[in-house]
Amino acid sequence: MSNHRTLSLLCILAFAVLPNPLRAQVPVYKITPVESKIRFGVHASVPIEGTFEKWDAALTFTSTDLATGVLDIKIQADSVDTGSGMKNSKLKSKDFFDVKQSPLITFKSTKIIQTGPNTFEVDGNFTIRGVTRPEKLILTLSGKGTGIGTIAGQMAFDRKEYGMNSGIPFIKIADRVEVNVDLKYNRISGPPPDLK
């Protein structure tokens, strides 16, 4: 092999292996479940409110363009905690979360739009009980520009659209379920996304 071909091959290998300074860096975030919460509530004759104790969330970008961001939340359905063993058991049953057949409740965004200085609309696919439907998460960001902050969000859905048609004995339950997320984030590398 000629010296010229050897040098060309080494250059190609170095380009493939070594970091490329011309390649744009992307924002990389870490969300800490220990400092974050996912809560839900349903209007009922006996209040039904609770949290999920086990879940993971990721916020990823392929560039600094906000439109490339993806919020991905995976909740262990059997980690529901209402403070009541009876309510927990009912929610885990096949009438509601059906945790044996559908262990995960998920939300994966399909579009992020900035609607104000610190507010965002996030369209995504929400899955519960194995049923997936489009839903909208409304987010408010704190700590913009600092790399550390909170993403607070609300989403509401109709439980009957996901096959949760049953009730709980002696408790009248509304159809609308409200979900609140409170996610602590830390930008661990890369520049922030481009915000208005």
Colleague: Out of curiosity, does M86 fall in the hydrophobic cluster containing V80 (side-chain heavy atoms, cut-off under 4.5 Å, transitive links)?
Modeller: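 V80 clusters together with M86.
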Colleague: With a 4.5 Å heavy-atom cut-off, do I31 and L59 have their side chains touching?
Modeller: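 Yes, side chains in contact.
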Colleague: Could you walk me through whether E121 and I138 satisfy the side-chain contact (heavy atoms from CB on, under 4.5 Å) test, starting with their C-alpha distance in whole Å, then the side-chain angles of each, then the deciding distance to 0.1 Å, before giving a yes or no?
Modeller: CA-CA 5 Å; E121 285 187 359; I138 306 299; 3.7 Å; yes
Colleague: Could you pull out all residues at least two apart from K184 that satisfy side-chain hydrogen bond (donor to acceptor under 3.5 Å, both in side chains)?
Modeller: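 For K184 the side-chain hydrogen bond (donor to acceptor under 3.5 Å, both in side chains) partners, ignoring immediate neighbours, are T150.
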Colleague: Whether the side chain of T146 engages the backbone of I148 through a donor-acceptor N/O pair (distance < 3.5 Å, no angle test) should be reported.
Modeller: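 Yes, T146 side chain to I148 backbone: donor-acceptor pair under 3.5 Å.
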Colleague: Using only atom types and a distance under 3.5 Å, with no angle test, would you say the side chain of R159 pairs donor to acceptor with the backbone of A174?
Modeller: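 Judged by distance alone, yes, a pair lies under 3.5 Å.
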Colleague: Quick one: does K90's side chain get under 4.5 Å of S93's, heavy atoms only?
Modeller: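 K90 vs S93: side chains touch.
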Colleague: How long is the straight-line distance from NZ of K37 back to OG1 of T51, given to the nearest 0.5 Å?
Modeller: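 The distance works out to 7.0 Å.
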Colleague: Where does the angle between the aromatic ring planes of F97 and F40 fall among parallel (under 30°), tilted (30 to 60°) and perpendicular (over 60°)?
Modeller: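 Answer is perpendicular, since the angle exceeds 60°.
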Colleague: Counting C-beta onward and ignoring hydrogens, is there a side-chain heavy-atom pair between L104 and Q76 closer than 4.5 Å?
Modeller: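 Sidechains of Q76 and L104: in contact.
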Colleague: Could you pull out all donor-acceptor pairs under 3.5 Å where a side-chain atom in residues 186-196 meets a protein atom, sequence neighbours excluded?
Modeller:
{"from": "R187", "atom 1": "NE", "to": "G190", "atom 2": "O", "distance (Å)": "3.0"}
{"from": "D194", "atom 1": "OD2", "to": "T64", "atom 2": "OG1", "distance (Å)": "3.1"}
{"from": "K196", "atom 1": "NZ", "to": "Q114", "atom 2": "O", "distance (Å)": "3.3"}

Colleague: With a 4.5 Å cut-off on side-chain heavy-atom distances among I, L, V, M, F, W and Y, is there a chain of contacts connecting L183 to L66?
Modeller: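 L183 and L66: one cluster.
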Colleague: Sequence neighbours left out, what passes side-chain hydrogen bond (donor to acceptor under 3.5 Å, both in side chains) with T82? Give chain and number order.
Modeller: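 Only N88 meet the side-chain hydrogen bond (donor to acceptor under 3.5 Å, both in side chains) criterion with T82.
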Colleague: Could you work out, with side-chain hydrogen bond (donor to acceptor under 3.5 Å, both in side chains) as the rule, every residue matching T115, not counting sequence neighbours?
Modeller: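 Once residues adjacent in sequence are excluded, the partners of T115 under the side-chain hydrogen bond (donor to acceptor under 3.5 Å, both in side chains) criterion are T119.
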Colleague: Test of understanding: clusters of I, L, V, M, F, W, Y form through side-chain heavy atoms closer than 4.5 Å, transitively. Do I113 and M155 belong to the same one?
Modeller: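 Shared cluster, no.
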Colleague: Between T32 and E35, is there a donor-acceptor pair closer than 3.5 Å when you use the side chain of the first and the backbone of the second?
Modeller: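 Absent.
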Colleague: Please determine whether side-chain contact (heavy atoms from CB on, under 4.5 Å) holds for the pair N180 and D182, giving the CA-CA distance in whole Å, both sets of side-chain angles, and the decisive distance to 0.1 Å.
Modeller: CA-CA 7 Å; N180 290 277; D182 188 6; over 6 Å; no
Colleague: Who passes side-chain hydrogen bond (donor to acceptor under 3.5 Å, both in side chains) against S109, sequence neighbours left out?
Modeller: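 With neighbours one apart ignored, the set is empty.
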Colleague: In terms of relative ring orientation, are Y29 and F61 parallel, tilted or perpendicular, with 30° and 60° separating the classes?
Modeller: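 Tilted.
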Colleague: Taking a hydrophobic cluster as the set of Ile, Leu, Val, Met, Phe, Trp and Tyr residues connected by side-chain heavy atoms closer than 4.5 Å, whether directly or through intermediates, do V177 and V131 fall within one such cluster?
Modeller: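 Linked, V177 and V131 end up in one cluster.
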Colleague: Could you note down all residue pairs passing ring pair (Phe, Tyr, Trp, His ring centres under 6.0 Å) where residues 100-158 supplies at least one of them, sequence neighbours left out?
Modeller: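 For residues 100-158, and leaving out neighbouring residues, the ring pair (Phe, Tyr, Trp, His ring centres under 6.0 Å) pairs sorted by first residue read F126-F157, F126-Y162, F157-Y162.
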Colleague: Any side-chain heavy atom of Q101 within less than 4.5 Å of one from K94?
Modeller: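 SC-SC contact between Q101 and K94 ruled out.
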Colleague: Between K108 (side chain) and N125 (backbone), is there a donor-acceptor pair under 3.5 Å?
Modeller: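 No, because the side chain of K108 does not come within donor-acceptor range (under 3.5 Å) of the backbone of N125.
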Colleague: Yes or no on side-chain contact (heavy atoms from CB on, under 4.5 Å) for L137 and L71, after CA distance, side-chain angles and deciding distance?
Modeller: CA-CA 10 Å; L137 186 60; L71 178 63; 3.8 Å; yes
Colleague: In Å, rounded to the nearest 0.5 Å, how long is the span from CD1 of I151 to CG of N118?
Modeller: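 Output value for this atom pair is 12.0 Å.
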